[in-house]
2 protein chains.
Amino acid sequence: MPDNHRTPIQTIQKRSLHDQAVEQIRDLIIEGHLEPGHRIDEAALTTELGISRTPFREALRTLAAEGLIEIRPSRGSRVRKLSTEEVHGLLELQAHLESLAGRLACERATDAEIAGLLDLHDRMIVLYEARDRLPYYKLNQEFHTRLAEAAGNSVLAETQRSLQARLKRIRFIGNRRPDFWSAAVHEHAEMAEALRARDGSRLAETMERHLKNTWDRVRNVISSEDR
Amino acid sequence: MPDNHRTPIQTIQKRSLHDQAVEQIRDLIIEGHLEPGHRIDEAALTTELGISRTPFREALRTLAAEGLIEIRPSRGSRVRKLSTEEVHGLLELQAHLESLAGRLACERATDAEIAGLLDLHDRMIVLYEARDRLPYYKLNQEFHTRLAEAAGNSVLAETQRSLQARLKRIRFIGNRRPDFWSAAVHEHAEMAEALRARDGSRLAETMERHLKNTWDRVRNVISSEDR
DNA sequence: TTTATGTATTTTGTATACAAACGGAGCGAC
DNA sequence: GTCGCTCCGTTTGTATACAAAATACATAAA
């Protein structure tokens, strides 16, 4: 009997210490274990990760290019602290970018991709109804990422991913207030509908509005904890 | 007698070997001294630059994050070769981005910034009439960059710069045909006019069209030298 | 008490040394 | 001839050593 259901082939890939370090440090930042503005202690982190400074410092260069940390010559690296203006700038750009992504996805996505997105959306609704915040948040991120991927423009997808990473911590805060969360869910429902109908203009418009509103939701929260 | 006319104080800034290496290698790539798809010979380049491999390899990580080179684990780095699809993707994204930049610049730019851009445009016209292609090209790049900066969104400006760097070599090709160049100049004149009137919608529309047309101009050229 | 100056300690930047992985050349089996 | 193997030179990845710079600290002068 042939194995029709064998697991899909996974290309085996070499992972250098650099790559692993990038991921680990990125996660530490995104998940808030390394606080914004806080200095990055090379000695401590290298021993913690069990690697030497060479791949570690290369990882810092990568993360600096991604905008997650900043390196000041001879005075160390620190987790980048986003000013209110930068958060606004990031969301403004993301709104515009995902609006494009939405339009293109309606034109170019395969039916399977759209079905996948709609399924994702359904699962988000279930989680919302259970008020299961963290898993909802994760699916939400995935939804936006996969929508960008469905637009058939790899540079766009890559840029979206980068912006999203930089905003990740901040956006998590945005859904804390129940009414904010509910509004976001409504917008997502609208997005799903437009996607189902492959209505590019409407999806584009909704995406843009959704992210503009996200800024309003987020701004409320960060204004209190601002420097 | 007090020195009222002493030269203004210039903050002394430290430039690590890393930073210098990034710039140098980036220029080598952009100016075509390192060919796309070609392997990067660490030994040769480090001796050429007179530095050791450590800062050099950090520079490679930075450039990889910028999308100019690609690093394949254990098999070296090479100058990234753009496929036709990627060029299209880059220009599609840039079109959308600069459209936003145009709209925002009309809202937020200072009068001085606008005057500066218009002056730039005038100088471009002079160069066009002299058919002085390289200087024209450089001012053109500067125009797009400074327009993005005038939008008052640092992330947008940064992203624009990154996309532009990746496309730099390719776009230089685009203006080779006289009729193409002439069309581009016409579009620029329209942009200048919209800018002068601070007509955001019109500038946005023109920017987008300009870059869409750029794709058409470029596509003609790269299709012949494609892999 | 404050400010300045010199010294010790830590941290960062760069070079180098070594280990591991890759990529061919040559050789033999089929 | 093609495939597979082994060996060897080369390139890449990582650790470490050393140099340079910045920071912290202590002491002395105002």
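These numbers come from the heavy atoms of this one structure, side chains and all, not from hydrogens, waters or symmetry mates. Here is how names work: the chains are called A, B, and so on, in the same order as the sequence lines, proteins then strands, and each is numbered from 1. All of these numbers come straight from a predicted model, not from anything done at the bench.
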Any [X] side-chain nitrogen or oxygen under 4.0 Å from OP1 or OP2 of [N]:
X: A:Thr54; N: D:dT14; answer: no
X: A:Arg75; N: D:dT23; answer: yes
X: B:Arg39; N: D:dT12; answer: yes
X: B:Ser52; N: C:dA15; answer: yes

Is it true that, when you exclude A:Glu142 itself, more than 12 heavy atoms of the residues, nucleotides or ligands shown sit nearer than 6.0 Å to its CD?
yes

Calculate the interatomic distance between [X] atom [atom1] and [N] atom [atom2]; express it in whole Å.
X: A:Glu58; N: C:dT12; atom1: CD; atom2: P; value: 17 Å
X: A:Asp41; N: C:dT10; atom1: CG; atom2: C1'; value: 10 Å
X: A:Leu17; N: D:dA15; atom1: CG; atom2: P; value: 5 Å
X: A:Leu49; N: D:dT14; atom1: CG; atom2: P; value: 13 Å
X: B:Arg53; N: D:dT11; atom1: CZ; atom2: C1'; value: 8 Å
X: A:Gln20; N: D:dT14; atom1: CD; atom2: P; value: 9 Å
X: A:Ile40; N: C:dT11; atom1: CD1; atom2: C1'; value: 14 Å
X: A:Arg72; N: C:dT12; atom1: CZ; atom2: P; value: 10 Å

For a quick check under 3.5 Å, do B:Gln160 and B:His144 share a side-chain donor-acceptor pair by atom type?
no

Hey, is the side chain of A:Ser74 pairing donor to acceptor with the base of D:dA22 inside 3.5 Å?
no

Side chain to side chain contact (heavy atoms under 4.5 Å, CB included) between A:Asn140 and A:Arg171: does it pass, once the steps are laid out?
CA-CA 11 Å; A:Asn140 182 36; A:Arg171 285 187 60 167; 4.1 Å; yes

Check: A:Leu68 main-chain N/O paired with A:Arg80 side-chain donor or acceptor under 3.5 Å:
no

